[in-house]
**Student:** 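Shown below is the structure under consideration.
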Amino acid sequence: MCSGRVDLEFVLRAFSNGMDGVFIGGCRLNECNYITHGNYHALNMVLLFKKIMEHLGLNPERLRIEFMSAGEGNLFTEAVNDFSKKVKELGPLGKAEGIDEHELKSRIQEVKKLIPYIKIVKREKLESRLKNEEASDGFFTSDEIDKLFSEVVSYYIDPEKCQACMICLKKCPVEAISGGKNRIHVIDQDKCIKCGTCFEACPPRFGSVRKISGEPVPAPIPEEARTIVRKSKEK
Ligand code: SF4
Ligand code: SF4
């Protein structure tokens, strides 16, 4: 119904399925019938995704957003024809940019895992309303996006501090934490979407969840070493 519903993930999925271009049509800016003005969200999402495409090594012109009203059939036809022509000129996705198919798949896969994280980190900007279309120039910068990827945060449970209270395990939205009663909890880094919920949820008196950036995440503690022996039980 609304261009604001088009998520970063939808666009990434289209490219990951081999589409050579993605076109999004939205209502004219400032003409939304609702207070949500979802077309601004769509515009911000496109501006961000274009920078992600540059980071991936893809030509950002493969993604386009145009704003028009439902009564502007001619404009729609012109916009779509022009975009189709452009995409044909650009050639097949990846191949035209000199990126091997497997390499492109793995780059896309890496970004896919980070989409929820990117949406959290860039939430404020994604939800903002630009003054006009001109203000979109430089709204997201290449340096900003490169920094975002190089400073990605990971979460790690310190085995020395975890008290197996299970709070983080219950709150993790993607079941990335394994543990149980009297078991040191461990984060599966492949499943973790870096939402930070465990970091916020771990009681301050334990402070077991660490944020890690710019350095490797320590290997998980082996299964056989995860049982916590309480002092009272030792006696
Ligand atoms: S950061 Fe989020 S997804 Fe990752 S382990 Fe913690 S709660 Fe789960
Ligand atoms: S909330 Fe903290 S102390 Fe409790 S299980 Fe998770 S990491 Fe361990």
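One-based numbering, in listed order, for ligands and for the atoms of each. None of the values given here were measured: they were computed from a predicted structure. The chain is numbered in sequence order, starting from 1.
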**Student:** Which ligand 2 atoms, with their elements, are less than 4.0 angstrom from a heavy-atom of S208?
**Tutor:** 2 (Fe), 3 (S), 7 (S)
**Student:** Tell me the protein heavy atom at minimum distance from atom 1 (S) of ligand 1, and give that distance in Å.
**Tutor:** G196 N, 3.3 Å
**Student:** Under 4.0 Å between a side-chain nitrogen and a carboxylate oxygen: does that hold for K50 and E61?
**Tutor:** no
**Student:** Please verify whether a non-hydrogen atom of A201 lies at under 4.0 Å from ligand 2.
**Tutor:** no
**Student:** Give the residue and atom name of whichever protein heavy atom lies nearest to atom 6 (Fe) of ligand 1, and the separation in Å to one decimal.
**Tutor:** C198 SG, 2.3 Å
**Student:** Please list the nearest protein heavy atom to atom 8 (Fe) of ligand 1 with its residue and the distance rounded to 0.1 Å.
**Tutor:** C172 SG, 2.4 Å
**Student:** Run the numbers for me: atoms of ligand 2, each under 4.0 Å from some heavy atom of Q163, listed by number.
**Tutor:** 3 (S), 8 (Fe)
**Student:** Identify, by atom number and element, the atoms of ligand 1 in contact range of V174, meaning under 4.0 Å from any of its heavy atoms.
**Tutor:** 3 (S)
**Student:** Check whether any N, O or S atom of C192 sits under 2.8 Å from atom 4 (Fe) of ligand 1.
**Tutor:** yes
**Student:** Can you tell me the protein heavy atom closest to atom 2 (Fe) of ligand 1 and the distance?
**Tutor:** C195 SG, 2.3 Å
**Student:** Could you tell me whether I187 approaches ligand 1 through its side chain, its backbone, both or neither, with non-hydrogen atoms closer than 4.0 Å?
**Tutor:** side chain
**Student:** Which ligand 1 atoms are under 4.0 Å away from a heavy-atom of I177?
**Tutor:** 5 (S)
